[in-house]
*Asks:* 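Take this structure first; my questions come after.
Not measured: the values here are computed from a predicted model. In what follows, every heavy atom counts, from backbone to side chain, and hydrogens, waters and symmetry copies are set aside.
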Amino acid sequence: MDKKTEEFYIRLKEELSSTSAWPSEYLYKFIVPTDTTKIVAVEKAFDNMGAVINTHQSKAGKYTSVSVNVRMNSPEHVVEKYLEVSTIEGIISF
């Protein structure tokens with residue numbers, strides 16, 4: 001992980017710690033190339049967590065947005081999940 005990415009996750013943890021009581025609901029938003037295996041990989045990352053997952057394909061069909069609303073135990077767990085899904089090729093998280 002590069003320094004800029006590491007600093008981002010440190011700031012995210014600090015912000016989440018100060019703005020939310022944990023455990024708390026968290027909304028992840030990802031964009032992946034429209035490829036069933038990549039969409040399924042995102043969904044599997046949240047398997048058995050009680051997540052509500054919604055997908056929406058772009059107009060041209062090239063990309064799919066994946067929104068995941070899930071109860072997380074701590075800011076550290078939020079970041080761990082971001083790092084887990086970051087291994088999916090072409091994924092963008094925001």
Side-chain angles (χ1 to χ4, degrees):
M1 175 180 350
D2 65 32
K3 184 174 176 132
K4 187 175 180 179
T5 303
E6 187 176 341
E7 289 172 353
F8 168 78
Y9 286 125
I10 290 169
R11 282 193 316 272
L12 177 62
K13 277 196 272 189
E14 290 171 355
E15 188 174 319
L16 290 173
S17 292
S18 66
T19 60
S20 300
W22 295 92
S24 183
E25 293 288 321
Y26 188 79
L27 178 62
Y28 290 90
K29 292 186 177 188
F30 305 104
I31 296 176
V32 293
T34 300
D35 174 342
T36 305
T37 58
K38 293 177 183 180
I39 296 166
V40 168
V42 173
E43 292 172 345
K44 281 187 176 183
F46 295 92
D47 215 13
N48 299 317
M49 293 180 67
V52 176
I53 301 173
N54 295 303
T55 59
H56 186 269
Q57 203 172 79
S58 65
K59 277 187 180 180
K62 190 173 180 180
Y63 296 98
T64 298
S65 68
V66 182
S67 299
V68 181
N69 196 356
V70 63
R71 188 162 187 81
M72 299 301 287
N73 291 325
S74 69
E76 291 79 16
H77 287 128
V78 170
V79 171
E80 286 171 9
K81 196 55 74 172
Y82 272 122
L83 294 172
E84 179 183 338
V85 299
S86 71
T87 61
I88 300 168
E89 185 181 344
I91 194 165
I92 300 169
S93 56
F94 58 98

*Asks:* If you count the non-hydrogen atoms of other residues, nucleotides and ligands that lie under 6.0 Å from CD in Glu15, is the total more than 12?
*Replies:* no
*Asks:* Checking the side chain of Lys29 only, and the main-chain atoms of Ser65 only, is there a donor and an acceptor separated by less than 3.5 Å?
*Replies:* no
*Asks:* Looking at Ser20 and Ser24, what are the two nearest heavy atoms and their distance?
*Replies:* CB-OG, 4.2 Å
*Asks:* Under 4.0 Å between a side-chain nitrogen and a carboxylate oxygen: does that hold for Glu6 and Lys3?
*Replies:* no
*Asks:* Take Lys81 and Glu84 through the salt bridge (charged side-chain N to carboxylate O under 4.0 Å, His left out) test and state the conclusion after the steps.
*Replies:* CA-CA 5 Å; Lys81 196 55 74 172; Glu84 179 183 338; 3.1 Å; yes
*Asks:* Do Phe8 and Met72 share a hydrophobic cluster, counting only Ile, Leu, Val, Met, Phe, Trp and Tyr and linking them when any side-chain heavy atoms are less than 4.5 Å apart?
*Replies:* yes
*Asks:* Taking a hydrophobic cluster as the set of Ile, Leu, Val, Met, Phe, Trp and Tyr residues connected by side-chain heavy atoms closer than 4.5 Å, whether directly or through intermediates, do Ile31 and Ile53 fall within one such cluster?
*Replies:* no
*Asks:* Would you compute the distance between atom NZ of Lys44 and atom OG1 of Thr37 and round it to the nearest 0.5 angstrom?
*Replies:* 10.0 Å
*Asks:* Heavy atoms, side chains only, cut-off 4.5 Å: are Ile92 and Tyr63 in contact?
*Replies:* no
*Asks:* Hey, could you give me the CD/CZ distance between Glu43 and Phe30, rounded to the nearest 0.5 Å?
*Replies:* 11.5 Å
*Asks:* Report the distance from atom CG of Asn69 to atom CZ of Phe46, rounding to the nearest 0.5 Å.
*Replies:* 10.5 Å
*Asks:* Arg71 and side-chain contact (heavy atoms from CB on, under 4.5 Å): which single residue from Met49, Glu25, His77 fits?
*Replies:* Glu25
*Asks:* With the 4.5 Å side-chain cut-off for hydrophobic clustering, are Val40 and Val85 part of the same group?
*Replies:* no
*Asks:* Using a 3.5 Å distance criterion without hydrogens, assess whether the side chain of Tyr28 forms a donor-acceptor pair with backbone atoms of Val78.
*Replies:* yes
*Asks:* Any chance you could measure Lys38, atom NZ, to Glu89, atom CD, to the nearest 0.5 Å?
*Replies:* 4.5 Å
*Asks:* Quick one: OG1 on Thr64 to CG on Asp35, what's the gap to the nearest 0.5 Å?
*Replies:* 9.0 Å
*Asks:* Can you check whether Leu12 reaches Pro75 side chain to side chain, under 4.5 Å on heavy atoms?
*Replies:* no
*Asks:* Do the ring planes of Tyr26 and Tyr82 sit parallel (below 30°), tilted (30 to 60°) or perpendicular (above 60°)?
*Replies:* perpendicular
*Asks:* For residues Ser67 and Leu27, report the shortest heavy-atom separation together with the two atoms involved.
*Replies:* CB-CD1, 4.2 Å
